[in-house]
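Heads up: the structure comes next, in structure tokens.
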Number of protein chains: 4
Amino acid sequence: MKTDTPAAGAGQPCATARRGRPRSEAAEQAIFTAVEDLMAGGTTLSELTIEGIATAAGVGKATIYRRWPNKEALLVDVVSRLEVPMPESTGGSARDELVAMIDYMRRRGLAKRTRWVLKAAFGQMHSLPELHAAYHDRVVKPRREAALDLVQRAIDEGVLRADLDLDLLGDLLLGPILYRSILWEDSDLEDPELARKMVDALLDGLAPRPAAP
Amino acid sequence: MKTDTPAAGAGQPCATARRGRPRSEAAEQAIFTAVEDLMAGGTTLSELTIEGIATAAGVGKATIYRRWPNKEALLVDVVSRLEVPMPESTGGSARDELVAMIDYMRRRGLAKRTRWVLKAAFGQMHSLPELHAAYHDRVVKPRREAALDLVQRAIDEGVLRADLDLDLLGDLLLGPILYRSILWEDSDLEDPELARKMVDALLDGLAPRPAAP
Amino acid sequence: MKTDTPAAGAGQPCATARRGRPRSEAAEQAIFTAVEDLMAGGTTLSELTIEGIATAAGVGKATIYRRWPNKEALLVDVVSRLEVPMPESTGGSARDELVAMIDYMRRRGLAKRTRWVLKAAFGQMHSLPELHAAYHDRVVKPRREAALDLVQRAIDEGVLRADLDLDLLGDLLLGPILYRSILWEDSDLEDPELARKMVDALLDGLAPRPAAP
Amino acid sequence: MKTDTPAAGAGQPCATARRGRPRSEAAEQAIFTAVEDLMAGGTTLSELTIEGIATAAGVGKATIYRRWPNKEALLVDVVSRLEVPMPESTGGSARDELVAMIDYMRRRGLAKRTRWVLKAAFGQMHSLPELHAAYHDRVVKPRREAALDLVQRAIDEGVLRADLDLDLLGDLLLGPILYRSILWEDSDLEDPELARKMVDALLDGLAPRPAAP
DNA sequence: CGATAACCGAGACGGTACGTCGAGTCTTGGC
DNA sequence: GCCAAGACTCGACGTACCGTCTCGGTTATCG
């Protein structure tokens, strides 16, 4: 997803020639890099200051405030940038793709560079409703829709039951892995078979099966 | 959970009578009430200042700092006070108790006065690492242990499969409801049958069953 | 006083035709007018910003900086432009011309459009040392020289005593009216006879004369 | 003149016990000293920043802003503090006292530590009308009144003519020395006989006297 | 019962970061 | 090469809180 102007989700190409010096692409890049470096370097969110970012990026504070109204808005964009796209459909079976999607989320939760983003996304976001909404629109909703599309396909292919609510199915499948990603430590995500185990268990059911006849 | 002395988990009973004026119980109560009121009134964690709390409580700042070393410590206590205990075991079937536990979490997510705690716990708390850790130790972990005890009992009773990892079972059962509590809107929790539907679906499995022979 | 090129006292006539678009006379005029309007409108020197001038003049900041290196230099030119020349010698008696000179200063102190210059000259300019120095060289000094020339002529004509220091005489004559112009309110300058009264009193002496024999 | 609270000219002793920690006398002193040191050390008024003062005084910015609303207000107080009282009446002849008063102003204009104050007083003051008024009330007016009292006494003693306007006499006597103090360089004030010369010239008159019969 | 000690509210203290504004410079597209 | 517009870095502005520290005053226990 390309987003020319970082602040607005729906960037209008702005055919009418804008006047004045254009915003520096380099400065923007430097700001993003500075935030990522600081966070990757152990700075906590509450220690992360605009002044610190500006200094680290070699940029004036005004250059930051020209682009984002406050720290949170900047973080939303940093987060959006870091969120890598979900894997394309492999064309495999719906069951395999469910495993792939959950495994992608597991790996996303492990990625060192983006892990703090995930935590922050479910964190600071709530402080600023409109920004939380923006993040929701740009990151959460598309993913959930993709996930629900996949769930629907699984139903169509007979991999999932058709008698259950679509939302319920989605939450039952995604809730556990997201819960682990956000709340628990990395160690809980390290098992490479985790996604498959989850799908297997969910599809087969958690109750013991009577012995097959 | 004992919380006699608010400052620390391990309160010294202080049998040796201390001299001087004792700390005012009323001031303490006013502080707690002020924080709860502010948070319930829409204040976010990052907007919540010690000065604001002191003013709202009609209390001097020093009176707060005399009891807690910093904002995080105060919040840990506020949160601990609000978290109501999980329901006692009803002695019913393990399946019913699983439903009861999940339903308790659903209702907890709906409770107006404490909802901010839940959201903050998974959200804003990440920016206050000590608060997050303390909350985890004092609230999350005991509950998870209680939940896992229940899961183990369900396994023993033959309600849940014995061939699955205990942690995995816990996450598959609790992840979806917590995910909904934290991330989505209240409307997603309003269905009183939600807990039962989840347990039914999880136990029976999400895959279609072949027609019974 | 020549002020052909506004940027510096010593303007190069630039006979060699310079290439490119010539500087806009209109822009320059707009800048001068904007400064005068702003100052006449109550803006103080410290409130007077280059950005404000540029906006008021409908001009880019660079257009200002292309002509003057800084705010002080611009103000020197604005002030120089406003200072109207002293009246030519009327060829009358030295005493009449002294009265005329002092009366000119009185009227100058009353002129609405330029009064701020006078106040600023003795006041706010001290905070902008270069402006103050330049104003001194280009406005104050020539006038003082003209005044001292007149004083010398008065001595030669026997109107003023020859046994006094020239500078002292100048200050005794000019000090009072300038003092009033700068420090006191306009009302103190409204008496049209003020200049004559001053000269009469100064020449006759402030001490009572013994009754003429 | 003692002024307990520096901000207000007419300090009410505040019999009603004020609560909270009282303002630090030491901090106030440090601020005054810092300003005086900076100015004496060559800092110009426009280079004088609140942050610089705070740093030099080892004081937080808020401690300054708690006392004065802005830089100018602070300067008014600094200036008022530095203005030394006029010399007491010596009981000598009115003519000698006139000389003494003018000589006091000459020396004041020479005093290194306070010279900048004089310049600033007639400078920045105009920018902020109400502060200019305050300075006028607390410094200028009392002095002018003292001067006019002296002039009146001189009239009564027959040292000055009775047929001239009191204000006019005051300006003719004080204008020249103030004019020199404010506008010209130090060199013009160095002659220790200057005050006497001025009074002599003014009283005797600037016009040549016919030879006494 | 008076001394002593720890509490209380209020609010000033030295700091740090905030978000804004202006200075003086640079970079667009257009004339 | 000038023009308007507006971005750039830099640094000061005045505000808000932090966590600490006096103030005058209150309420306990101890001697």
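Proteins get letters first, then strands, A, B, ... in listed order; numbering begins at 1 in each. All heavy atoms count here, side chains included; hydrogens, waters and symmetry mates do not.
Contact between I53(B) and A34(B) at its shortest, heavy atoms only, is O-CB, 4.0 Å. When all heavy atoms of R67(C) and S24(C) are compared, the closest pair comes out as NH2-O, 3.0 Å. Nearest heavy atoms, L48(C) versus M39(C): CD2-SD, 4.0 Å.
For E47(C) and dA23(E), the CD to P distance is 13 Å, given to the nearest whole Å. Between N70(D) atom CG and dA12(F) atom P there is a gap of 18 Å when expressed in whole angstrom units. Here the C1' atom of nucleotide dT22(F) and the NZ atom of K61(B) are 13 Å apart, to the nearest Å. The nearest whole Å value for the distance from the CG atom in L48(D) to the P atom in dG11(F) is 18 Å. dC3(F) atom P lies 7 Å from atom CZ of R23(C), rounded to whole Å. The nearest whole Å value for the distance from the CD atom in E51(A) to the P atom in dT9(F) is 15 Å.
Comparing dC21(F), dG24(E), dC18(E) against the side chain of I50(A) picks out dC18(E) as the nearest. Of the candidates dT26(F), dT20(E), dC8(F), dT20(E) carries the atom nearest the Y65(A) side chain, counting heavy atoms from C-beta on.
Residue side chain R19(A) does not reach the base of dT28(E) through any donor-acceptor N/O pair under 3.5 Å, judged by distance alone.
In this structure, R67(C) reaches the dC3(F) phosphate: one of its side-chain N or O atoms is under 4.0 Å from OP1 or OP2. The side chain of R66(C) contributes an N or O atom lying less than 4.0 Å from OP1 or OP2 of dC3(F). Within the 4.0 Å cut-off from OP1 or OP2 of dC13(E), at least one side-chain nitrogen or oxygen of T63(D) is found.
Considering CG of L74(D) and OH of Y65(D), their distance stands at 9.5 Å, rounded to 0.5 Å. We find the NZ-CD1 distance between K71(B) and I64(B) to be 11.0 Å, quoted to the nearest 0.5 Å.
Both A27(B) and P22(D) lie near DNA chain E, and the one whose nearest nucleotide falls closer to the 5' end is A27(B). Between E25(C) and G60(A), the residue whose closest nucleotide on DNA chain F is further toward the 5' end is E25(C). When the nearest nucleotides of DNA chain E are assigned to G52(C) and V59(B) by heavy-atom distance, the more 5′-ward of the two goes with V59(B).
G58(B) comes within 4.0 angstrom of the backbone, heavy atoms only, and of no base.
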